[in-house]
Engineer: 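Here it is: the structure, laid out below.
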Amino acid sequence: MLKIWGKLVKHNKIVKDEVVMSEGGENYQENLKSCILELCRKFDIEKPYWLPANLEEYNKRSKTSFNSDNFIDEFKFDKFVIEEIDDEK
């Protein structure tokens, strides 16, 4: 099971946040993709593009943020943050 906390931030304040889970039998990458798509649907934003810096940050910290550089359309927030929640800690 994978739990991801997603946040939309504007002017250093969280304006929307949501926790989603993926309990599918797929691999980790598919579960992560499913969680991100669910967050984007709930926040009514397009899916962000992963840049090398996002991948590196997520692999190190299980957290990354996306800004307007990660979106093709206009992005009305300062950043979209995703963070893996580990219930075992």
Side-chain angles (χ1 to χ4, degrees):
M1 178 178 74
L2 178 65
K3 260 186 176 176
I4 298 289
W5 180 23
K7 302 173 267 191
L8 287 175
V9 178
K10 187 159 186 142
H11 303 298
N12 293 322
K13 295 186 187 222
I14 297 173
V15 292
K16 290 184 183 178
D17 73 313
E18 191 81 39
V19 174
V20 296
M21 290 185 287
S22 178
E23 298 185 42
E26 308 103 22
N27 63 33
Y28 182 84
Q29 299 262 331
E30 289 299 317
N31 287 334
L32 179 60
K33 182 178 176 183
S34 172
C35 286
I36 292 171
L37 290 174
E38 179 70 13
L39 286 167
C40 290
R41 186 187 64 74
K42 287 183 177 194
F43 292 154
D44 195 27
I45 61 173
E46 69 176 304
K47 184 178 143 212
Y49 284 94
W50 282 74
L51 299 175
N54 298 107
L55 186 58
E56 184 178 332
E57 181 182 24
Y58 190 83
N59 286 337
K60 284 182 183 176
R61 301 175 46 217
S62 297
K63 175 181 179 177
T64 192
S65 61
F66 304 98
N67 59 31
S68 61
D69 293 338
N70 299 91
F71 297 89
I72 292 176
D73 293 336
E74 180 185 358
F75 185 62
K76 298 178 182 179
F77 303 94
D78 294 333
K79 58 186 170 179
F80 169 43
V81 180
I82 60 167
E83 181 174 355
E84 184 175 347
I85 298 172
D86 187 1
D87 289 335
E88 296 178 11
K89 286 185 179 179

Engineer: Can you tell me if N67 and D78 form a side-chain donor-acceptor pair at under 3.5 Å?
Structural biologist: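 No pair is found: no donor N or O on one side chain lies under 3.5 Å from an acceptor on the other.
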Engineer: How would you list, by chain and number, every residue that makes a ring pair (Phe, Tyr, Trp, His ring centres under 6.0 Å) with W50, sequence neighbours excluded?
Structural biologist: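 Partners of W50 under the ring pair (Phe, Tyr, Trp, His ring centres under 6.0 Å) test: Y58, F66.
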Engineer: Counting only heavy atoms not in N59, do more than 12 fall under 6.0 Å of its CG?
Structural biologist: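 Count over threshold, so yes.
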Engineer: Any link between F43 and F71 through a network of hydrophobic side chains (Ile, Leu, Val, Met, Phe, Trp, Tyr) touching at under 4.5 Å?
Structural biologist: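 Result: yes, single cluster for both.
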Engineer: Identify which one of L2, T64, L32 satisfies the side-chain contact (heavy atoms from CB on, under 4.5 Å) criterion when paired with E84.
Structural biologist: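 Testing E84 for a side-chain contact (heavy atoms from CB on, under 4.5 Å) against L2, T64, L32 leaves exactly one candidate, L2.
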Engineer: Surrounding NZ of K10 (heavy atoms of other residues, nucleotides or ligands, distance under 6.0 Å), is the total greater than 12?
Structural biologist: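 Result for NZ/K10: enclosed.
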Engineer: Any carboxylate oxygen within less than 4.0 angstrom of a Lys/Arg side-chain nitrogen, looking at K7 and E83?
Structural biologist: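 Salt bridge between K7 and E83, a charged N being under 4.0 Å from a carboxylate O: yes.
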Engineer: Measure the CD-SG distance between E30 and C35 for me, rounded to the nearest 0.5 Å.
Structural biologist: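 One gets 11.5 Å once the value is rounded to the nearest 0.5 Å.
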Engineer: Could you pull out the closest heavy-atom pair between M21 and K3, with the gap in Å?
Structural biologist: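 For M21 versus K3, the nearest heavy atoms are CG-CG, 3.2 Å.
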Engineer: Kindly indicate whether the side chain of I82, heavy atoms from C-beta on, has any atom under 4.5 Å from the side chain of K63.
Structural biologist: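 No, side chains not in contact.
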Engineer: Side chains of F75 and I45: closer than 4.5 Å at any heavy-atom pair?
Structural biologist: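 They are in side-chain contact.
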Engineer: Does the N70 side chain pair with the main chain of P48, one donor and one acceptor, at a distance under 3.5 Å?
Structural biologist: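 No: the side chain of N70 does not pair with the backbone of P48.
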Engineer: Looking at OG of S68 and NZ of K79, how far apart are the two atoms once the value is rounded to the nearest 0.5 Å?
Structural biologist: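 Reported value, rounded in 0.5 Å steps: 12.5 Å.
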Engineer: Closer than 3.5 angstrom, by distance alone: can the side chain of N54 be matched with the main-chain N or O of S65 as a donor-acceptor pair?
Structural biologist: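 Indeed, once roles are kept as given, a pair shorter than 3.5 Å links the two residues.
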Engineer: For the atom pair OG (S62) and CD1 (I4), what is the distance rounded to the nearest 0.5 Å?
Structural biologist: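 Between atom OG of S62 and atom CD1 of I4 there are 8.0 Å.
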Engineer: Atom NZ in K33, atom CD in E38: separation rounded to 0.5 Å?
Structural biologist: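 Output value for this atom pair is 14.5 Å.
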Engineer: CG/L37 to NZ/K47 distance, rounded to the nearest 0.5 angstrom?
Structural biologist: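 Output value for this atom pair is 6.0 Å.
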Engineer: What about V19 and M1, same hydrophobic cluster or not, with Ile/Leu/Val/Met/Phe/Trp/Tyr joined at side-chain heavy-atom distances under 4.5 Å?
Structural biologist: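 In one cluster with V19: M1, no.
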Engineer: May I ask you to say whether K60 pairs ionically with E57, meaning some side-chain N is under 4.0 Å from a carboxylate O?
Structural biologist: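 Salt bridge absent between K60 and E57.
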Engineer: If hydrophobic clusters are built by linking Ile, Leu, Val, Met, Phe, Trp and Tyr wherever their side-chain heavy atoms come under 4.5 Å apart, do V15 and F80 end up in the same one?
Structural biologist: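 Same hydrophobic cluster.
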Engineer: When rounded to the nearest 0.5 angstrom, what is the spacing between CG in L8 and CZ in F77?
Structural biologist: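 CZ of F77 is found 4.5 Å from CG of L8.
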Engineer: Work out which heavy atom in I14 is nearest to a heavy atom in D17; give both atom names and the distance.
Structural biologist: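 Shortest heavy-atom separation between I14 and D17 comes out as CG2-CB, 3.9 Å.
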